[in-house]
Amino acid sequence: MISPTEPVSAYLEEHRESLVSDAETLLGYDTSNLPGNTATAATWIASRLEAASVDVERVAVDPEKPNLLPALPDLLAGEPEVTRFEVDSATEMKL
């Protein structure tokens, strides 16, 4: 019997070099606070997701600190599942 972690372990081993390279690239972006500018890192992540045919919505109150909302397809129904929420204040969110 194959353990549930075997496919993951096999994938990690097979793609180790590219995963390490991607991690190094992402860690190379200066997103330190303050000011915490994450725009270039977010653009790189979005490009990787879009290259994998994942739809990405960008939301930004501050253009230097955008958020990415990737829409992953629901594996059972084949339809994108997205949860929307509204931010009422800096500390409160409504689903």
Side-chain angles (χ1 to χ4, degrees):
M1 181 173 187
I2 296 175
S3 84
T5 60
E6 284 183 42
V8 174
S9 296
Y11 179 87
L12 292 174
E13 187 60 38
E14 184 177 333
H15 297 90
R16 181 181 202 81
E17 191 173 312
S18 66
L19 291 168
V20 169
S21 175
D22 287 349
E24 289 173 339
T25 298
L26 189 55
L27 290 170
Y29 290 105
D30 182 8
T31 60
S32 57
N33 285 324
L34 292 169
N37 296 336
T38 58
T40 54
T43 298
W44 182 80
I45 293 168
S47 73
R48 301 290 299 203
L49 291 169
E50 290 165 344
S53 300
V54 174
D55 291 329
V56 178
E57 183 179 348
R58 291 164 179 82
V59 179
V61 173
D62 178 347
E64 293 301 320
K65 300 177 186 178
N67 294 291
L68 301 177
L69 301 173
L72 301 175
D74 179 22
L75 297 178
L76 297 177
E79 295 292 325
E81 184 173 318
V82 178
T83 301
R84 299 276 182 201
F85 64 90
E86 296 177 20
V87 177
D88 288 336
S89 70
T91 59
E92 180 182 344
M93 287 191 274
K94 285 185 179 179
L95 290 176

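Each residue takes its place number in the sequence, starting with 1. These numbers come from the heavy atoms of this one structure, side chains and all, not from hydrogens, waters or symmetry mates.
Contacts of A60 classified as side-chain contact (heavy atoms from CB on, under 4.5 Å), with partners at least two apart in sequence or in another chain: P66. Every residue two or more places apart in sequence or in another chain that forms a salt bridge (charged side-chain N to carboxylate O under 4.0 Å, His left out) with D22 is listed here: R48. Taking V61 as the reference, nothing meets the side-chain contact (heavy atoms from CB on, under 4.5 Å) condition, with sequence neighbours excluded. For E50, the salt bridge (charged side-chain N to carboxylate O under 4.0 Å, His left out) partners are R58, not counting sequence neighbours.
Nearest heavy-atom pair, V54 versus P70, reported as atom, atom and distance to 0.1 Å: CG1-CB, 3.8 Å.
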For a quick test of your reading: what N or O donor-acceptor pairs under 3.5 Å do the side chains of residues 23-32 make, sequence neighbours left out?
from	atom 1	to	atom 2	distance (Å)
T25	OG1	S21	O	3.0
D30	OD1	S32	N	3.1
D30	OD1	S32	OG	2.7

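Contacts classified as side-chain hydrogen bond (donor to acceptor under 3.5 Å, both in side chains) and involving residues 10-19 (residues at least two apart or in different chains) are not found. Applying the side-chain hydrogen bond (donor to acceptor under 3.5 Å, both in side chains) definition to pairs two or more places apart or across chains, none involves residues 33-45.
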